[in-house]
Amino acid sequence: MPIYNKLVRDRIPEIIAQSGKTSSTRILDEAEYIQQIRQKMNEELAEYKAAANDEEAMEELADMLELLHAAAVIHGADFNRLEAIREQKAEKRGGFRERIFLIEVEDD
């Protein structure tokens, strides 16, 4: 029996059961949950980096977005609040659409 020891989406135990298999799970405490969300973000980022095509990349981005939703709640907000902060930063500092790559800044 494979051992995973990782955070999974809420319906994964149900999906496993529907396939005729059994699994064991437990509910994480708050500190473990935060740690596992962060770990899962790194895992999904690595999968995004390794994506071979646009479709795979979009799947991984969707996973990362789901994790961002969960992380916002951990930090006492919701995705709308996170989006508002993103919009404020974009208005003040811009986004990343113009592909600007900073080479250096001359010190006085």
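The structure presented is a predicted model; accordingly, all values stated were derived computationally and were not measured. As a basis for the values below, the full set of heavy atoms in this structure was taken, side chains included, without hydrogen atoms, waters or symmetry mates.
Cluster membership for L82 and L65, using ILVMFWY side-chain heavy atoms within less than 4.5 angstrom, is shared. I74 and I85 sit in two unconnected hydrophobic clusters of ILVMFWY residues. Membership requires side-chain heavy atoms under 4.5 Å apart, directly or through other members. The cluster map of Ile, Leu, Val, Met, Phe, Trp and Tyr, joined by side-chain heavy atoms under 4.5 Å apart, puts L67 and L28 in the same cluster. Hydrophobic clustering (side-chain heavy atoms under 4.5 Å, transitive across Ile, Leu, Val, Met, Phe, Trp, Tyr) keeps I34 apart from V8. No path of Ile, Leu, Val, Met, Phe, Trp and Tyr side chains, each step under 4.5 Å between heavy atoms, connects Y33 with V73, placing them in separate hydrophobic clusters.
For E55, the CD atom sits in a loose shell: 12 or fewer heavy atoms of surrounding residues, nucleotides or ligands are nearer than 6.0 Å. Atom CZ of R9 has more than 12 heavy atoms from other residues, nucleotides or ligands within 6.0 Å. Annotation for E91: atom CD does not count as buried by contact number, only 12 or fewer foreign heavy atoms lying within 6.0 Å. Open room surrounds CG on D54; 12 or fewer heavy atoms of other groups in view lie less than 6.0 Å from it.
In terms of heavy atoms, A31 sits closest to D29 at N-OD1, 3.2 Å. The minimum heavy-atom distance between L7 and K40, with the atom names listed, is O-NZ, 3.3 Å.
Between the side chain of E14 and the backbone N or O of R11, no donor-acceptor pair lies under 3.5 Å. A donor-acceptor distance shorter than 3.5 angstrom exists from the side chain of E56 to the backbone of A52, with no hydrogens or angles considered.
Considering NZ of K21 and CD1 of I15, their distance stands at 12.5 Å, rounded to 0.5 Å. With rounding to the nearest 0.5 Å, the separation of CD1 in I37 from NE2 in H69 is 12.0 Å. Of the inter-residue distances, the one linking R86 atom CZ with L68 atom CG reads 12.0 Å to the nearest 0.5 angstrom. Put simply, NZ on K92 and CD on Q88 are 9.5 Å apart, with the number rounded to the nearest 0.5 Å.
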For E66 and E44: C-alpha separation, side-chain torsions, deciding distance, then whether side-chain contact (heavy atoms from CB on, under 4.5 Å) applies. CA-CA 11 Å; E66 190 67 38; E44 296 301 337; over 6 Å; no

Would you please test D63 and Y48 for side-chain contact (heavy atoms from CB on, under 4.5 Å) and show each step? CA-CA 9 Å; D63 289 341; Y48 169 71; over 6 Å; no

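Of the candidates K49, E47, E43, M41, L45 forms a side-chain contact (heavy atoms from CB on, under 4.5 Å) with just one, namely K49.
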